[in-house]
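Residue numbers count from 1 along this sequence.
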Amino acid sequence: MEKGCFEKNCQNTLLIYSIKLSKEKSEKTRIRVEKTISEMALKKERINFNSVAQKANVSKSWLYKQKGIRTRVETLRGMQISEVAPRKPSKSLRSEDILIKTLKSRIKVLEEENKQLKDQVQKLHGKLF
């Protein structure tokens with residue numbers, strides 16, 4: 001066998017082995033991050049890209065590149081925000097009645113103004129023709 005051919009096979013083997021190691025490392029990292037997110041959710045810790053990256057010891061850019069993990073973080077973050085967001089207190093019946101009366105009054109004024117404008121348009125239209 002030629003020396004060059006042997007070196008080429010050796011390089012290919014090293015390349016394949018390197019790719020395999022890289023994939024294994026990436027999979028272990030993904031599993032570690034998924035486990036971290038699950039633990040944080042169970043402990044009701046704040047979940048966002050910064051906190052997950054810090055706890056799982058990965059970069060934020062890595063989290064953003066992983067579509068499944070990114071979606072999970074965004075979903076859990078959104079759920080936490082909606083849980084924490086203060087609810088708007090319901091209006092009392094009295095304040096609703098006052099609002100309704102005010103709006104009805106405003107509608108009446110606008111309808112009258114609209115009627116006057118229509119009359120003016122008709123008069124102006126009559127003068128033109």
Anything under 3.5 Å between a donor and an acceptor, one on a side chain of residues 29-40, the other on a protein residue two or more places apart or in another chain? List them.
from: Thr29; atom 1: OG1; to: Lys25; atom 2: O; distance (Å): 2.9
from: Arg30; atom 1: NE; to: Glu27; atom 2: OE1; distance (Å): 3.3
from: Arg30; atom 1: NH2; to: Glu27; atom 2: OE2; distance (Å): 2.5
from: Arg32; atom 1: NE; to: Ala56; atom 2: O; distance (Å): 2.9
from: Arg32; atom 1: NH2; to: Ala56; atom 2: O; distance (Å): 3.1
from: Glu34; atom 1: OE1; to: Arg72; atom 2: NH1; distance (Å): 2.3
from: Thr36; atom 1: OG1; to: Arg32; atom 2: O; distance (Å): 2.8
from: Ser38; atom 1: OG; to: Glu34; atom 2: O; distance (Å): 3.1
from: Ser38; atom 1: OG; to: Arg72; atom 2: NH2; distance (Å): 2.9

Practice task
Run through the side-chain heavy atoms of Ile, Leu, Val, Met, Phe, Trp and Tyr, join any pair under 4.5 Å, and report what else lands in Val121's cluster.
Solution key: none
Fill in the blank from the handout: Members sharing Leu15's hydrophobic cluster, built from side-chain contacts under 4.5 Å between Ile, Leu, Val, Met, Phe, Trp and Tyr, are Ile19
Does anything in [range] pair up under salt bridge (charged side-chain N to carboxylate O under 4.0 Å, His left out), and if so which pairs, sequence neighbours excluded?
range            : result
residues 102-120 : none
residues 58-67   : none
residues 11-24   : none

Problem - Summary of ring pair (Phe, Tyr, Trp, His ring centres under 6.0 Å) pairs that have at least one residue in residues 10-47, sequence neighbours excluded - result: none
Practice task
Can you run down the ring pair (Phe, Tyr, Trp, His ring centres under 6.0 Å) pairs that involve residues 29-55, sequence neighbours left out, and say none if there aren't any?
Solution key: Phe49-Tyr64
Handout entry: side chain to side chain donor-acceptor pair (under 3.5 Å) involving Arg70 - partner list, sequence neighbours excluded
Key = Glu74
Practice task
Check side chain to side chain donor-acceptor pair (under 3.5 Å) between Ser51 and all other residues, then give those that pass, not counting sequence neighbours.
Solution key: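 Partners of Ser51 under the side chain to side chain donor-acceptor pair (under 3.5 Å) test: Asn48.
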Problem - Under the salt bridge (charged side-chain N to carboxylate O under 4.0 Å, His left out) test, residues paired with Lys55 that sit two or more places apart - result: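 Lys55 satisfies salt bridge (charged side-chain N to carboxylate O under 4.0 Å, His left out) with Glu45 only.
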Problem - Working for side-chain hydrogen bond (donor to acceptor under 3.5 Å, both in side chains), residues Thr102 and Ser105 - result: CA-CA 5 Å; Thr102 304; Ser105 172; over 6 Å; no
Fill in the blank from the handout: Taken to the nearest 0.5 Å, the spacing of His125 NE2 from Gln122 CD works out to 9.0 Å
Handout entry: Separation of Asn50 CG from Leu63 CG (nearest 0.5 Å)
Key =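 Separation between the atoms: 9.5 Å.
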Problem - Thr75 side chain to Thr71 backbone, donor-acceptor under 3.5 Å - result: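 Yes; judged by distance alone, with no hydrogens or angles, the pair exists.
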Exercise for the section: Report the residues that fulfil side chain to side chain contact (heavy atoms under 4.5 Å, CB included) with Ser59, sequence neighbours left out, ordered by chain and then residue number. Expected result: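 Expected list: Ser61, Trp62.
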